[in-house]
**Student:** 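Okay, handing you the structure first.
A, B, ... follow the sequence lines: proteins, then strands. Residue 1 opens every chain.
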Amino acid sequence: MTPVYLSGRGLACALGLDVKESVAALPQNSAATAFCSLPGVQGGRFPYRAIAHAGRDWNERTRSLVQRVAVEAGAEQARGGALFIATSSFDIGAVEQGAAGMNYDAFAKKMASWLAWTGPAYVISTACTSGLNAVIAAHALLNAGDVEEALVLGVELDNRLSQGGFAALQLLSPSSSKPFAVQRDGLVLGEAVAALRLSTREPSRWKILGGATVVDGKQPTGAAASAVVAMYQRALMQSGLTAEAIDLIKVQAAGSPGNDAVEAQGLREAFQKVPPLVSLKAAIGHTMGASGVAEMALLTACLDQGAWPTYADPIDEALGVDLIAHRPDSVRHVMATILGFGGSHATVVLACA
Amino acid sequence: MKDFHISGRCLVTSPPPDWGEQLTQLLGSKPRRIGTWAELGLYGALRCMADAGETTLPQDAIVMLTSRRGTYAATSAALEQMHNDLPMPLTFLQTQPGQMLALLAAQMNWRGNACFFAGARLQDLLRLAAAQAGDGGVLLGCVDEIDGGSTHWLRLRRGVTEKYDSVATLSDWISSPEGSPAGQNNTGERGAE
């Protein structure tokens, strides 16, 4: 088994156009909130965490952001390796503009051409867990020695279908994302383009130990507590760690009344003593298929630089879990979790040197 | 590729007229509002599992699903609905290919690693499968609603007696223009319709 390092990261999200800007803006929770207006009886005006990067042409804006985060992550050193693209909405924003045709192959080729990518390209779409599933797949390929480099790219940008679909399912908050809070009333969606460069030839401070993904069909629109438990147990087993070794978990905690409660129950059942928890959704919104990649980039940068999110809303004590208000003093092993549609539950285990 | 043997398969292009009734029998009840693409996927996957003599997968098996156009029809419908209103909730859910994996997992009473790869090449999936799958092997599918419909599935195991000629089947799949074997039924004969 070859060690797999997180050797580079790039991020464009509502907080900023790169990792440095995003980390600097995080403690103030100063991301500007945009709004989307949706038609119909259940439509209306919903807050939305947009990237402050101008451009009306979906393809051109996406190309610019993809190239930007890839450069930041050091993609040029990975170009012959494997490319993993994670998304739940593909280029539906371009389809809505009449500039694309709902063709997976064309989408993959477009992304690869923007990056001048020469290696194999995988496009993973498992709704909100797409990003972490891409990291888990890339880790497996690197760990097996099949490739020495991989770039995992999360792409989730403005489109009306995603916003309309979440609104139709009555999952959106009319105000703000309130993770694990008493007053939580739904998700706030967001945009993100993020990149993680995984390498077996360039050691770094962060090592990816493994991860687990568990699809459970009993609850196809959300999480199941027993599946959350199975996910953590499998990830710990795969990483060779015990539950006590985990110093911090970045949770899903998107502010959903039902799903946050299920996640909290799963955490309580999986861990005799629940480790410190952190959520990034209030700061950048739920960036769906890109969320795993974007939140891993932001989380590791926060831990490296000592920045930490703030939570404005009081925690729901009935959930039996809490969010830590400051960076833990000593962090060696971290888990990053995303739960989503399709009964999909995923977590990645990282070690910090 | 060399690691795996085919222990079951379902290779259907242009499904027979009664495939919906066959699916109802396989499921034990009529599928409700899951969309044609997911129905085609379940039809092929469950027939493949039956061919392999299995009703569920081992815990360490993985499910890999690919497609050329995937949920194209449901996405078109949802976009059409968005002209004047929000999409219907079930239509929006049908746009997410991962829903099919959840339905299949529920039908098999199984819980594990299942992933959708859009427009993937078989050789890339096999390479990844070799790195990810445990002894439980892989259930690998390619499902499309377009061009009359197709649902192609292989149950791949390590260390089992080969039921079909793996090299010929996989080579046929890889060399076909659309990346999936064309015009075959479950036993590898042409003209399933």
**Student:** Is the shortest heavy-atom distance from the side chain of A:Glu156 to the side chain of A:Val193 under 4.5 Å?
**Tutor:** no

**Student:** Between the side chains of A:Asp105 and A:Lys109, is the shortest nitrogen-to-carboxylate-oxygen separation below 4.0 Å, so that they form an ion pair?
**Tutor:** yes

**Student:** Among B:Ser67, B:Ala102, B:Cys115, which residue forms the greatest number of heavy-atom pairs with chain A at distances under 4.5 Å?
**Tutor:** B:Ala102

**Student:** With chain A as the partner, which of B:Ile62, B:Thr75, B:Leu93, B:Leu103 has the greatest number of non-hydrogen pairs under 4.5 Å?
**Tutor:** B:Leu93

**Student:** Side chain, backbone, both or neither: which part of A:Ser125 has an atom under 4.5 Å from a heavy atom of chain B?
**Tutor:** both

**Student:** Chain B: which of A:Leu38, A:Asp146, A:Val41 shares the most heavy-atom pairs with it under 4.5 Å?
**Tutor:** A:Asp146

**Student:** Answer yes when B:Glu54 and B:Arg157 have at least one side-chain N-carboxylate O distance shorter than 4.0 Å, and no when they do not.
**Tutor:** yes

**Student:** Do you know which of B:Pro89, B:Ala78, B:Ser76 has the most heavy-atom pairs with chain A at a distance under 4.5 angstrom?
**Tutor:** B:Pro89

**Student:** Quick check for you: among B:Ala118, B:Pro97, B:Gly119, B:Ala105, which has the greatest number of heavy-atom pairs under 4.5 Å with chain A?
**Tutor:** B:Ala118

**Student:** Any salt bridge linking B:Arg155 with B:Asp51? Criterion: basic side-chain nitrogen under 4.0 Å from a carboxylate oxygen.
**Tutor:** no

**Student:** With only heavy atoms counted, which part of A:Ala144 is less than 4.5 Å from chain B, the side chain, the backbone, both or neither?
**Tutor:** side chain

**Student:** Spell out, as yes or no, whether a donor-acceptor pair under 3.5 Å connects the side chain of B:Asp165 to the backbone of B:Ala168.
**Tutor:** yes

**Student:** Charged N to carboxylate O under 4.0 angstrom, A:Glu148 versus A:Arg201?
**Tutor:** yes

**Student:** With a 4.5 angstrom heavy-atom cut-off, which part of B:Leu128 approaches chain A: side chain, backbone, both or neither?
**Tutor:** both

**Student:** Centre-to-centre under 6.0 Å for B:Phe117 and A:Tyr104, is that the case here?
**Tutor:** no

**Student:** Between B:Thr66 and chain A, which part of the residue has a heavy atom less than 4.5 Å away: side chain, backbone, both or neither?
**Tutor:** neither

**Student:** Could you look at B:Thr91 and say if it's the side chain, the backbone, both or neither that has a heavy atom under 4.5 Å from chain A?
**Tutor:** neither

**Student:** Any side-chain heavy atom of B:Thr71 sitting closer than 4.5 Å to one from A:Met102?
**Tutor:** no

**Student:** Is it the backbone or the side chain of A:Ser226 that comes under 4.5 Å from a heavy atom of chain B, or both, or neither?
**Tutor:** both

**Student:** Using a 4.5 angstrom heavy-atom cutoff, name the option from A:Gly343, A:Ser88, A:Ala82, A:Ser344 with the most pairs to chain B.
**Tutor:** A:Ser88

**Student:** Looking at A:His345, A:Arg234, A:Met231, which has the largest count of heavy-atom pairs under 4.5 Å with chain B?
**Tutor:** A:Arg234

**Student:** Identify the two heavy atoms, one from B:Gln94 and one from B:Gly35, that lie closest to each other, and give their separation to 0.1 Å.
**Tutor:** NE2-N, 3.5 Å

**Student:** Which of the residues B:Asn109, B:Leu79, B:Leu101 is involved in the greatest number of heavy-atom pairs with chain A at under 4.5 angstrom?
**Tutor:** B:Leu79

**Student:** With only heavy atoms counted, which part of B:Gln59 is less than 4.5 Å from chain A, the side chain, the backbone, both or neither?
**Tutor:** both

**Student:** Relative to chain B, which segment of A:Asn133 carries a heavy atom at a distance below 4.5 Å: side chain, backbone, both, or neither?
**Tutor:** side chain

**Student:** Side chain, backbone, both or neither: which part of A:Val95 has a non-hydrogen atom closer than 4.5 Å to chain B?
**Tutor:** side chain

**Student:** For B:Asn84, is it the side chain, the backbone, both or neither that has a heavy atom under 4.5 Å from a heavy atom of chain A?
**Tutor:** backbone

**Student:** What residue, out of A:Val123, A:Ile92, A:Asn143, has the most heavy-atom pairs lying under 4.5 Å from chain B?
**Tutor:** A:Val123

**Student:** Is A:Gln170 close to chain B through its backbone or its side chain, or both, or neither, when contacts mean heavy atoms under 4.5 Å?
**Tutor:** neither

**Student:** Quick check on A:Ala230 against chain B: is it the side chain, the backbone, both or neither that has a heavy atom closer than 4.5 Å?
**Tutor:** side chain

**Student:** May I ask you to say whether B:Arg68 pairs ionically with B:Asp144, meaning some side-chain N is under 4.0 Å from a carboxylate O?
**Tutor:** yes

**Student:** Any side-chain donor paired with an acceptor under 3.5 Å for A:Thr129 and A:Thr126?
**Tutor:** yes

**Student:** I need the minimum non-hydrogen distance between A:Tyr122 and B:Leu125, along with the two atoms involved.
**Tutor:** CE2-N, 4.4 Å

**Student:** Using non-hydrogen atoms and a 4.5 Å limit, figure out which bit of A:Phe107 sits close to chain B: side chain, backbone, both or neither.
**Tutor:** neither

**Student:** Is it true that B:Arg69 and B:Glu145 make a salt bridge, defined as a side-chain N closer than 4.0 Å to a carboxylate O?
**Tutor:** no

